Amino acid sequence: MHEFSLAIEVINLAQREAEKNMAGSIQEITIEVGDLSGVEADAFESALELLVKDSILENADINIVRTPGKGKCNACNLEFEMKYRMATCPQCQCFPSEISGGEEFRVVSLVVE
Amino acid sequence: MCETCGCGDTNELKIHDRQHSHDHEHDHEHSHDHNHDHNHDHSHTHTHDSVLFTHTHDHGAKKVISLNVDILSDNNRLAQINRKSFEERNVLSLNLVSSPGSGKTTILEKTIKAIIANRKIFVIEGDQQTLLDADRIEKSGAPAIQINTGSGCHLDARMVETAFKKLDVEPNSILFIENVGNLVCPALFDLGEFKRVVVISVTEGEDKPLKYPYMFKSSHLCIINKSDLLPYVDFDVDKTMEYARSLNPNLEFILLSARTGEGMEMWYEWLGKQK
Ligand SMILES: Nc1nc2c(ncn2[C@@H]2O[C@H](COP(=O)(O)OP(=O)(O)O)[C@@H](O)[C@H]2O)c(=O)[nH]1
Ligand SMILES: [Mg+2]
Ligand SMILES: [Zn+2]
Ligand SMILES: [Zn+2]
Ligand SMILES: [Zn+2]
Ligand SMILES: [Zn+2]
């Protein structure tokens with residue numbers, strides 16, 4: 001459900017950008033989904049695939065790039081890959097850590113014609 | 001498909017005012033920006049300091065538009081506008097989120113009856129289908145507007161903007177926004193509220209915060225409702241608070257029962273303290 005609304009946001013954004021650039025069609029869209037963005041990348045992709053029909057993205061290649069979560073432990077300063085927001089520091093088992101990457105949810109680029 | 005609200009069908013988003021008229025809002029943004037196209041022969045590795053600029057490269061008929069734009073930026077921008085309108089009118093705006101049935105509407109009904117004599121209250125009710133919650137609120141004595149999101153599972157900033165205008169919220173009042181019962185995407189959609197209040201009830205699991213970390217991370221206050229049922233359920237209040245604090249050390253908690261009124265004073269006090 002949630003991912004459906006987000007997929008619609010993407011389609012609207014692509015439509016606006018296409019209009020702005022006076023593009024007839026979009027061939028490719030690259031979307032970055034961080035592991036800590038709160039967006040489930042697989043569900044989002046399926047939702048987008050379902051919803052692109054009859055939209056500006058109907059024939060576009062959809063690239064979804066996932067960025068790993070990155071955290072820095074507040075206690076020992078270790079930087080590590082955070083698989084999920086609640087992850088404890090692998091070195092000292094402390095929590096929480098400062099999130100330093102993986103919260104992105106954005107359209108990186110479009111290829112238009 | 002509705003472009004504005006994301007509801008499954010263009011007739012699904014309904015904003016009902018007190019007379020229960022059926023309106024449908026669709027704004028279409030037409031931008032009139034112009035681009036600075038610049039042609040690069042081949043290599044175009046360059047860094048862009050700001051993600052805000054649209055950047056265009058021509059490759060014959062094809063163009064690569066590098067955007068780096070936050071997918072929720074449109075909503076965030078509108079939320080900022082809402083926040084300003086609330087502030088200008090000194091309206092205390094609160095976004096209430098929870099799973100279905102945690103007791104948001106009941107808490108609001110009791111709150112309205114208790115404090116309406118001292119402070120004006122307005123309510124925006126989000127619900128997928130029915131008008132029941134807005135009717136309950138109006139019976140308690142506060143003007144309410146119902147937004148039916150249809151298949152949409154959250155309120156967004158644009159819906160709130162429209163409802164806020166229709167409701168004609170008076171200065172110095174409290175505006176409660178009861179979000180759609182869902183702990184997932186309402187966390188991502190800023191409405192422009194001053195503070196976010198997450199409601200859970202003791203009939204839910206203690207691990208709620210761990211299951212919905214974004215919601216607990218983005219909230220300011222956590223109401224633990226239905227305390228009257230504590231003797232009958234296996235719910236560890238301390239553990240819930242500990243889990244939630246591990247995500248959000250600044251989160252405040254109020255344990256109450258909207259049914260018996262136990263703990264409601266703390267909630268009214270909390271409301272009074274918000275500037
Ligand atoms: N036992 C008990 N039931 C409550 C309490 N607050 C709400 N309820 C009941 O929980 C159900 C859902 O409440 P409602 O306010 O509609 O929840 P909402 O979906 O979050 O708006 C209703 O049957 C309420 O009567 C409470 O403090 N104690
Ligand atoms: Mg309700
Ligand atoms: Zn550490
Ligand atoms: Zn609609
Ligand atoms: Zn360039
Ligand atoms: Zn939603």
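In what follows, chains carry the letters A, B, and so on, assigned in the order in which the sequence lines appear, proteins first and then strands, with residues in each chain numbered from 1. Keep in mind that this is a model prediction, so the values were computed, not measured. No hydrogens, no waters, no symmetry mates; every other heavy atom, side chains included, goes into these values.
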* To do: Could you look at A/Ile31 and say if it's the side chain, the backbone, both or neither that has a heavy atom under 4.5 Å from chain B?
  => side chain

* Does NZ in B/Lys208 sit with more than 12 non-hydrogen atoms of other residues, nucleotides or ligands closer than 6.0 Å? -> yes

* Atom pair SG (B/Cys185) and CZ (A/Phe4), whose distance is rounded to the nearest 0.5 Å -> 12.0 Å

* Got more than 12 heavy atoms from elsewhere within 6.0 Å of NZ, B/Lys195? -> yes

* To do: Let me see the working for B/Lys63 and A/Glu113 under side chain to side chain contact (heavy atoms under 4.5 Å, CB included), right down to the final yes or no.
  => CA-CA 6 Å; B/Lys63 272 205 291 188; A/Glu113 202 157 28; over 6 Å; no

* Asked: Do you know the tightest heavy-atom contact between A/Glu9 and B/Leu72?
  -> CG-CD2, 4.4 Å

* Has the side chain of B/Tyr214 got a donor or acceptor atom that lies under 3.5 Å from a matching backbone atom of A/Leu36? -> yes

* To do: Please flag which part of A/Glu104 lies under 4.5 Å from any non-hydrogen atom of chain B: side chain, backbone, both or neither.
  => neither

* To do: Could you tell me which non-hydrogen atom of B/Leu67 sits nearest to which non-hydrogen atom of A/Leu13, and how far apart they are?
  => CD1-CD2, 4.2 Å

* Between B/Ser66 and A/Ser109, which heavy-atom pair has the shortest distance, and what is it? -> CA-CB, 4.0 Å

* Structure fact -> Heaviest contributor of heavy-atom pairs below 4.5 Å to chain B, chosen from A/Val107, A/Val10, A/Ile11, is A/Val107

* Nearest heavy atoms of A/Leu6 and B/Ile71, plus distance in Å -> O-CG2, 4.2 Å

* To do: Go through the atoms of B/Leu188 and report whether side chain, backbone, both or neither lie under 4.5 Å from a heavy atom of chain A.
  => side chain

* **Under 4.5 Å from any heavy atom of chain B - which part of A/Ser37** => backbone

* Given B/Ile65, which of A/Ile26, A/Ile29, A/Val111, A/Val112 fulfils the side-chain contact (heavy atoms from CB on, under 4.5 Å) condition? -> A/Val112

